Amino acid sequence: MVLIPKEPKEHVERRANILVAYILTFVLLGMPLWLYTTSVERSPLPHDEMAYYDSTVTSELHIKVPVVFSGIDSDTAKDIEAELAQQLASQNIYGWGIIPSTEGVQIHIAEADTPTYTVDTQGQDIKITSPKNDLVKATVASILSVYKPEIQDFLRLVGRNKSKDDLAVIYSPQYYITFSLFHGGGVPVSWDIQPALKEYFDPLLNELQHVATFNVDTQVEHHAELSRKPEEIVDNQYVLTPGDLSTFINSASWGLSSVHKDPTLHFILYVPDIEDLPMHIQGSESDSFVVPQWGGVKLINGQTHFTKEQLKPILETFSAQLLTLLGAPAEPSSPAMRISALSRLFAVKALLISSQTLGSLSRLTKSLPSIAVPISTMNGVQKAIEDLKTSIESLELGKNWKAVYFAAESMKKAQEGFFEKMMVQQMYFPDEHKVAVYLPLLGPIFVVILTGFGRVLRERKARIGEEEAAQEALKGLSEEDRKKKKVTVVAGDVPI
Amino acid sequence: MRIQVSLFLATFVALFTFVSAQVHTGDADEAAEKAQQFFANQTTEEGSHTNNWAVLVSTSRFWFNYRHMANVLSMYRTVKRLGIPDSQIILMLSDDVSCNPRNTFPGTVYNNADRVIDLYGDQIEVDYRGYEVTVENFLRLLTDRWDEGVPRSKRLLTDENSNVFIYMTGHGGNEFLKFQDAEEIGAFDIAHAFAQMWEKKRYNELFFMIDTCQANTMYSRFYSPNILAVGSSKYDESSYSHHADVDVGVAVIDRFTYYNLEFLEQMDQTSNVTLQALFESYDPVVIHSEPGIRTDLFKRDLDKVKITDFLGSVQRVTVDTDEPQASILDNIKPAEVVIDKGFEGFPKLNLDDIPIKETLTTVSRIAIPLAAAYLTRRFQTKWSVDK
């Protein structure tokens with residue numbers, strides 16, 4: 001039997017210290033470093049505010065149409081405002097009203113025997129006549145019937161009316177409008193689109209620029225053939241049935257794809273191949289149709305050149321389709337009033353998207369704890385909430401242009417926050433994967449440390465046993481012997 | 001000693017698993033459950049979509065995986081034929097077998113030994129090719145989280161009215177699909193991406209089809225509403241290729257996709273064939289695996305869902321019945337606008353201003369080459385002197 005010489009005490013202690021140092025390094029340096037490097041950045045988001053706007057934005061919205069009364073005193077004006085609010089409330093409609101202002105819709109009120117109202121087809125003027133004793137009620141009734149389509153659209157947007165608007169294109173702060181002249185064959189066709197746009201379309205565009213950004217381009221394309229020929233022929237003319245129209249747009253081969261990420265509205269002037277039969281659309285005198293959320297098409301047969309003047313009625317059709325596609329209420333017919341209504345509806349749409357995006361972001365970051373939330377997202381959210389508040393305030397003060405601008409800004413910022421590049425969900429790793437990655441890395445180190453820990457424990461136990469034995473041995477000895485013995489024992493060169 | 005070591009290891013593993021579960025709070029089951037509660041209150045109306053998008057992904061690299069490229073190109077051909085424009089198809093093609101040196105018929109991809117249809121054709125737009133087909137890009141595509149300046153053709157710009165068809169093929173296993181022999185996407189990854197799409201209203205309805213081994217496990221983790229999912233084979237079951245072309249030298253198509261196509265080739269844009277009919281045509285005997293269909297998240301009855309609701313594009317149009325009542329162009333009148341301080345409004349477009357960017361002014365166009373010539377000359381003389 002080989003006797004292993006007993007280690008000096010300081011060696012044993014040193015080993016214990018080394019072990020402690022290792023463990024401390026692991027716990028104090030390694031663990032925090034590991035946690036830090038594997039944790040995902042999660043900036044604090046104002047979850048309460050986000051959830052608040054997501055759930056209550058519809059009740060926060062108070063649309064006010066700025067109106068200027070003439071022909072009545074300010075007390076009557078106040079009465080009208082109150083009566084309108086009361087009438088709407090009686091139908092359970094909140095969030096829409098009028099506000100007396102210095103600019104806006106001019107309401108001229110005059111006394112007459114019969115209550116009538118007329119809406120100007122150009123500007124924003126409403127003329128109301130009414131018997132004196134019934135002035136307030138008649139005015140309110142007139143205003144309500146003028147704005148009925150807008151109120152219905154508003155109610156639909158805030159979800160109090162279930163019907164769905166299939167026509168209107170998805171809301172965006174920026175749109176592209178493409179005018180295309182398509183010819184079914186190879187005959188040269190041309191149009192004076194630029195002067196026509198400048199003279200006829202520019203004024204409308206200028207007004208629309210108040211509610212969003214619009215970009216315009218044009219193109220001419222030949223050999224734009226239909227994907228299949230219409231089947232019905234009447235009087236030597238093709239008749240396009242609704243079934244034909246649903247596959248009329250030959251997206252596969254017509255050059256219609258856009259390079260822009262914002263929605264594009266296409267307006268196509270289609271000239272069927274001159275060598276083929278003329279085409280007409282069943283049930284449409286104007287030979288035009290709207291493709292929901294996409295654009296409009298107008299058919300003209302047998303023409304190869306379009307002068308500026310000839311383009312006017314075509315642009316007229318396209319303008320009507322454009323306002324419909326944007327979601328402007330059909331009545332009143334005055335374009336200025338329609339665009340004004342559009343600004344309020346756009347503001348509401350943008351605010352709804354903005355607040356829903358904020359709510360989604362809040363829910364998402366809560367439900368996916370491993371997704372990163374970078375600081376830019378937090379900043380975006382804060383700015384979005386600020387602009388949201390500005391927009392809601394402006395709506396309430398009747399400042400429509402400002403409201404729609406800030407609503408769009410709020411929406412943009414909220415979406416930038418949501419679609420932040422860094423927020424791509426970390427890949428989901430099952431636990432076995434984690435073990436497989438970490439085990440070869442940490443396993444060998446842990447084994448050494450754990451065995452070392454076991455050894456130190458064993459040695460400590462042995463030492464305690466040894467000391468007890470020594471104490472036992474010292475029992476009943478004289479003071480002098482005790483000293484002697486203790487020395488020998490403590491010196492430790494006697495194996496146990 | 002050996003027992004001790006293994007015991008330590010076991011303790012370590014147990015301890016570690018515990019720690020990791022604690023630290024990485026991304027416990028997916030829990031998250032999925034939570035998310036489900038959050039999303040539960042949202043619903044969409046029946047069959048109301050206005051645009052169709054398709055995402056077609058093949059994930060395998062290398063020549064011997066020819067059939068996966070053929071699978072995905074077959075679906076590409078189908079959705080295009082049924083009317084989805086190229087701008088609304090995202091085609092992710094992980095390898096370019098048509099230009100592989102081993103291809104006996106360069107520039108072509110066939111899905112059948114009869115070589116009737118060249119899937120590569122004349123009009124093909126590959127949006128992600130080769131090494132661009134990665135898990136990260138796929139997830140970014142679905143969630144639309146990109147750098148600024150990523151082109152439109154590489155983005156899935158869907159909205160709440162979009163029906164999205166997602167087709168994936170490659171080599172996979174239980175709850176994963178390999179990408180490029182380098183990485184893999186898990187069933188949870190896709191499920192979470194779909195949840196984010198739903199949360200941001202990026203689809204109306206979604207049809208997920210996958211052809212890979214143990215494909216049905218890939219859709220088992222979905223939890224967002226309005227998703228219809230189809231897989232080629234159940235858990236622990238392989239999907240097989242259909243047949244090989246001896247001249248091409250490899251298998252040209254997988255069975256599941258082959259029989260799907262056989263059915264789809266018989267229909268056109270105007271046919272009213274339903275998904276129910278397609279699913280009923282699946283025969284496990286000829287497919288050699290058991291296709292799975294998951295309908296619990298999907299609200300509509302399959303016998304009322306037309307195939308063109310997902311794989312095609314049929315627009316519902318509104319005919320203008322009468323001439324517009326009042327002219328818009330004649331009646332437009334500029335509104336008086338009072339501009340508030342610190343608020344500029346939307347940027348204006350002027351039809352007169354067509355932006356033409358001159359990158360170099362005339363002065364610099366002359367001055368820069370002159371200066372360059374002078375400097376070159378000077379340094380040349382200097383260096384020659386040094387020598």
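Order of the sequence lines fixes the chain letters, A, B, ..., with proteins taken first and strands second; residue numbering starts at 1 for each chain. These figures come from a predicted structure and were not determined experimentally.
For W294(A), the part lying under 4.5 angstrom from a heavy atom of chain B is the side chain only. Both the backbone and the side chain of V404(A) come within contact range of chain B, with heavy atoms under 4.5 Å apart. In this structure, the portions of P173(A) lying under 4.5 Å from any heavy atom of chain B include both its backbone and its side chain. Residue contact with chain B, scored on non-hydrogen atoms closer than 4.5 Å, is absent for Q174(A). For Q88(B), no part lies under 4.5 angstrom from a heavy atom of chain A. Contacts of I170(A) with chain B are made by side-chain atoms alone, with heavy-atom separations under 4.5 Å and no backbone atom involved. Proximity to chain B involves both the backbone and the side chain of L245(A), based on heavy atoms less than 4.5 angstrom apart. Looking at V259(A), the atoms closer than 4.5 Å to chain B (heavy atoms on both sides) all sit in the backbone: N, CA, C or O. Residue L256(A) does not touch chain B at all, counting heavy-atom pairs closer than 4.5 Å.
Contacts with chain B were tallied for S319(A), S340(A), S333(A), A408(A); S319(A) has the most, counting heavy-atom pairs under 4.5 Å. For the set E136(B), Q123(B), Q269(B), the entry with the most heavy-atom pairs within less than 4.5 Å of chain A is Q269(B). Between chain A and the residues D147(B), D159(B), D268(B), the most heavy-atom pairs under 4.5 angstrom are made by D147(B). Your options are A212(A), S334(A), G296(A), and the one with the most heavy-atom pairs under 4.5 Å with chain B is A212(A). Chosen from E409(A), R338(A), K312(A), the residue pairing most often with chain B at heavy-atom distances under 4.5 Å is K312(A).
Interatomic distance, CD of Q293(A) versus CG of N51(B), reported as 7.0 Å (0.5 Å rounding).
Minimum interatomic distance between K261(A) and R155(B) (heavy atoms only, all atoms of both residues): CD-NH1, 3.3 Å. Nearest heavy-atom pair across R145(B) and E420(A) is CD-O, 2.9 Å.
Taking the centre and axis of the six-membered ring of F419(A), the NZ or CZ atom of R140(B) falls outside the cone set by 45° and 6.0 Å.
Applying the side-chain hydrogen bond (donor to acceptor under 3.5 Å, both in side chains) test to R202(B) and every residue at least two apart in sequence or in another chain returns nothing.
Between I371(A) and Q196(B) there is a side-chain heavy-atom pair separated by less than 4.5 Å. Within the 4.5 Å cutoff, the side chain of P292(A) has heavy atoms near those of the T318(B) side chain. Here the side chains of K201(B) and I353(A) are not in contact, with every heavy-atom distance at 4.5 Å or above.
Within the 3.5 Å criterion, the main-chain N or O of K200(B) finds no donor-acceptor partner in the side chain of S360(A).
Heavy-atom proximity under 4.5 angstrom to chain A picks out G83(B), P85(B) from residues 77-86 of chain B.
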